[in-house]
Protein chains: 2
Amino acid sequence: MIHSDESKPAAVPTIAEKKEQLRKFLRQKGFKSTRQRDIIAGEFLKCSEHVTAEELYKKISNKHKNIGFTTVYRTLKLIAASGLATERVFADNLTRYESLSAEDHHDHLICLNCGSITEFENPKIEKLQERIANEFGFNTVTHKMELYGYCRMCKKDVLRGERFDRR
Amino acid sequence: MIHSDESKPAAVPTIAEKKEQLRKFLRQKGFKSTRQRDIIAGEFLKCSEHVTAEELYKKISNKHKNIGFTTVYRTLKLIAASGLATERVFADNLTRYESLSAEDHHDHLICLNCGSITEFENPKIEKLQERIANEFGFNTVTHKMELYGYCRMCKKDVLRGERFDRR
DNA sequence: AGGAAATTGAAATTCATTTTCAATTATTTT
DNA sequence: AAAATAATTGAAAATGAATTTCAATTTCCT
Ligand SMILES: [Mn+2]
Ligand SMILES: [Mn+2]
Ligand SMILES: [Zn+2]
Ligand SMILES: [Zn+2]
């Protein structure tokens with residue numbers, strides 16, 4: 001997500017501020033702040049990707065061989081519950097997490113060849129979705145919208161007959 | 001999907017015709033037509049829902065106790081490959097199949113309470129999706145668009161505080 | 001510091017999906 | 001019509017991500 005408007009510096013929370021938000025959430029829920037949760041949250045907030053528990057675990061276990069997969073898995077759930085992240089499941093059926101500030105919503109373009117994920121936002125589509133839901137007397141809570149195909153780079157390779165899995 | 005135009009009777013293939021299409025597909029691929037495949041296809045084409053392999057297997061095994069789950073599972077894959085059905089995976093992460101004629105595309109409204117699935121079609125959204133893909137130099141192959149929330153019936157229950165899982 | 005309560009992480013479990021394999025069945029060839 | 005060839009069947013096992021279990025450890029509160 002690219003925002004060209006840099007006029008409101010307070011709108012983009014720092015990693016430290018996000019970590020504090022998590023700590024606040026934990027305290028408020030009667031949960032505990034731990035060394036592991038701090039490290040996991042730190043690493044998660046650093047890497048701004050659509051990351052799986054497995055992937056994050058591997059990144060972390062380079063430096064911290066004593067942090068287990070289960071804890072990474074559980075901490076990602078907590079981070080999502082706190083509002084700092086959302087869970088996403090794309091066509092590969094893996095649960096991914098992405099860092100997210102409260103307001104921000106977007107959908108995804110996903111390359112079937114290289115797996116790259118591009119984010120977009122389109123208010124017109126969002127409005128149309130609401131209109132459709134209303135027509136059916138439906139009360140929308142959330143939606144999923146994903147476009148699958150070939151990204152600019154992979155499209156070229158396909159034309160040249162060079163398509164292969166880069167994942 | 002409701003179509004009020006009944007002027008073209010040939011446009012809606014009968015179950016027999018669909019079964020024939022499957023047989024043609026099998027022959028063409030060097031696969032075999034079997035008693036089991038015929039029964040499974042028949043039952044699948046009859047029940048016009050978003051059905052899982054498990055569900056269809058249970059329906060079938062009432063009458064045909066000798067047809068195994070694996071065969072139902074594999075036959076559904078074949079039916080999808082033949083173009084008679086599409087695979088769908090909604091938020092519950094179960095693979096569902098729905099009978100589908102070649103042209104027809106639609107998206108879904110899914111009730112978080114009762115699990116009911118409503119189909120809709122919106123050309124404007126489809127066009128906007130294409131426009132967005134183009135903006136990113138993206139070549140769209142397929143897309144997924146699902147609205148999750150509460151259907152008309154369940155909305156009422158929610159207001160009365162009567163929400164519960166009907167699935 | 002002491003004690004109640006939550007957390008950790010290795011291992012086990014779950015659950016849908018997918019694969020394996022020996023026996024059976026469908027199709028083609030003689 | 002039988003034999004040869006090749007695919008199918010279905011029970012059981014394997015897979016793999018997600019989730020749970022549980023004893024040992026750590027955090028938080030007084
Ligand atoms: Mn995203
Ligand atoms: Mn449908
Ligand atoms: Zn790509
Ligand atoms: Zn409902």
Side-chain angles (χ1 to χ4, degrees), chain A residues 19 22-44 50-82 85-97 115 167, chain B residues 19 22-41 43 50-58 60-82 85 87-97 115 167:
Chain A
K19 278 181 157 190
L22 178 61
R23 246 179 252 113
K24 207 172 284 179
F25 169 82
L26 293 172
R27 212 177 312 133
Q28 193 235 321
K29 288 274 180 182
F31 299 149
K32 292 172 180 173
S33 291
T34 64
R35 196 182 59 84
Q36 289 94 326
R37 286 177 177 170
D38 203 63
I39 290 166
I40 294 165
E43 287 297 320
F44 171 70
H50 301 83
V51 79
T52 65
E54 190 62 40
E55 286 166 359
L56 188 61
Y57 166 66
K58 276 177 185 159
K59 278 190 190 181
I60 288 172
S61 51
N62 290 333
K63 292 207 167 184
H64 308 273
K65 312 216 172 193
N66 49 333
I67 292 184
F69 167 78
T70 314
T71 304
V72 174
Y73 161 79
R74 283 190 283 225
T75 302
L76 282 172
K77 293 240 147 195
L78 283 173
I79 291 170
S82 81
T86 36
E87 271 187 9
R88 303 270 191 188
V89 181
F90 299 128
D92 62 4
N93 248 36
L94 298 179
T95 302
R96 293 166 189 281
Y97 293 84
R167 285 205 209 220
Chain B
K19 278 180 157 190
L22 178 61
R23 248 181 250 112
K24 206 171 286 179
F25 169 82
L26 293 172
R27 210 177 313 134
Q28 193 236 321
K29 287 275 182 183
F31 299 148
K32 292 173 179 171
S33 290
T34 66
R35 196 182 60 84
Q36 289 94 327
R37 285 176 179 171
D38 204 61
I39 290 166
I40 294 165
E43 288 296 319
H50 300 83
V51 81
T52 65
E54 190 63 38
E55 285 164 0
L56 188 62
Y57 166 67
K58 276 177 185 158
I60 289 172
S61 50
N62 290 334
K63 294 208 167 188
H64 308 273
K65 312 217 171 191
N66 49 334
I67 292 185
F69 166 78
T70 315
T71 306
V72 175
Y73 161 79
R74 284 189 283 224
T75 302
L76 283 172
K77 294 239 146 194
L78 283 173
I79 290 171
S82 81
E87 272 187 9
R88 301 271 191 189
V89 181
F90 299 129
D92 62 5
N93 247 37
L94 298 181
T95 302
R96 294 165 188 283
Y97 292 83
R167 284 206 214 224

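Chain letters run A, B, ... following the sequence lines, proteins first, then strands; residues in each count from 1. Quick note: numbers below take in every heavy atom, side chains included, and nothing from hydrogens, waters or symmetry partners.
Atom CG in A:D38 sits roughly 14 Å away from atom C1' in D:dT27 (whole-Å rounding). Atoms CZ (B:F69) and P (D:dA13) sit 17 Å apart, rounded to a whole Å. Between A:N66 atom CG and D:dT25 atom P the separation is 14 Å, expressed in whole Å. Atom CD1 of B:I79 and atom P of D:dT8 are 14 Å apart (whole Å). In this structure, CD of A:E54 is placed 14 Å from C1' of D:dT19, rounded to the nearest angstrom. When the C1' atom of C:dC15 is taken as reference, atom CG of B:L94 falls 10 Å away, rounded to whole Å. Remark: P of C:dT17 and CG of A:N93 are 9 Å apart, rounded to the nearest angstrom. Between the P atom of D:dA18 and the CZ atom of A:R96 lies a distance of 10 Å, rounded to the nearest Å.
Residue order along DNA chain D, read from the 5' end via each residue's closest nucleotide, puts B:K32 first among A:R35 and B:K32. When each of A:T71 and B:Q36 is assigned the nucleotide of DNA chain C bearing its nearest heavy atom, the one mapping closer to the 5' terminus is A:T71.
Here the closest heavy-atom approach between residue B:I79 and residue B:A41 is recorded as CD1-CA, 3.9 Å. In this structure, B:L26 and B:K32 approach most closely via the heavy-atom pair CD1-O, 3.7 Å. When every heavy atom of A:G42 is checked against every heavy atom of A:K19, the shortest pair comes out as CA-CE, 3.4 Å. Residue A:F69 comes nearest to A:Y57 through the heavy atom pair N-CE1, 3.3 Å, listed as atom of the first residue, atom of the second, then distance. What you find for A:R96 and A:H50 is that their closest heavy atoms are NH1-O, 3.0 Å. Scanning both residues, B:A53 and B:V72, for their nearest heavy atoms gives O-CG1, 3.7 Å.
The phosphate of C:dT18 (OP1 or OP2) has a side-chain N or O of B:Y73 nearer than 4.0 angstrom. Checking the phosphate oxygens (OP1, OP2) of D:dA18, no side-chain nitrogen or oxygen of A:K77 falls inside 4.0 Å. In this structure, A:T34 does not reach the D:dT26 phosphate: none of its side-chain N or O atoms is under 4.0 Å from OP1 or OP2. Residue B:R37 has a polar side-chain atom (N or O) positioned under 4.0 Å from OP1 or OP2 of D:dT9. Neither OP1 nor OP2 of C:dA16 sits under 4.0 Å from any side-chain N or O of B:T95.
When A:T34, A:L22, A:T75 are each tested for a side chain to side chain contact (heavy atoms under 4.5 Å, CB included) with A:I40, only one passes: A:T75.
Among the protein residues, A:T52 comes within range of no part of the nucleic acid, since none of its heavy atoms lies under 4.0 Å from any strand. Using a 4.0 Å heavy-atom criterion, one finds that A:F31 contacts the sugar-phosphate atoms exclusively.
The C1' atoms of five pairs define one axis at each end of the helix from C:dA1-D:dT30 to C:dT30-D:dA1, and these two axes lie 20° apart (to 10°).
Distance from the side chain of A:R74 is smallest to C:dA10 among C:dA6, C:dA10, D:dA17.
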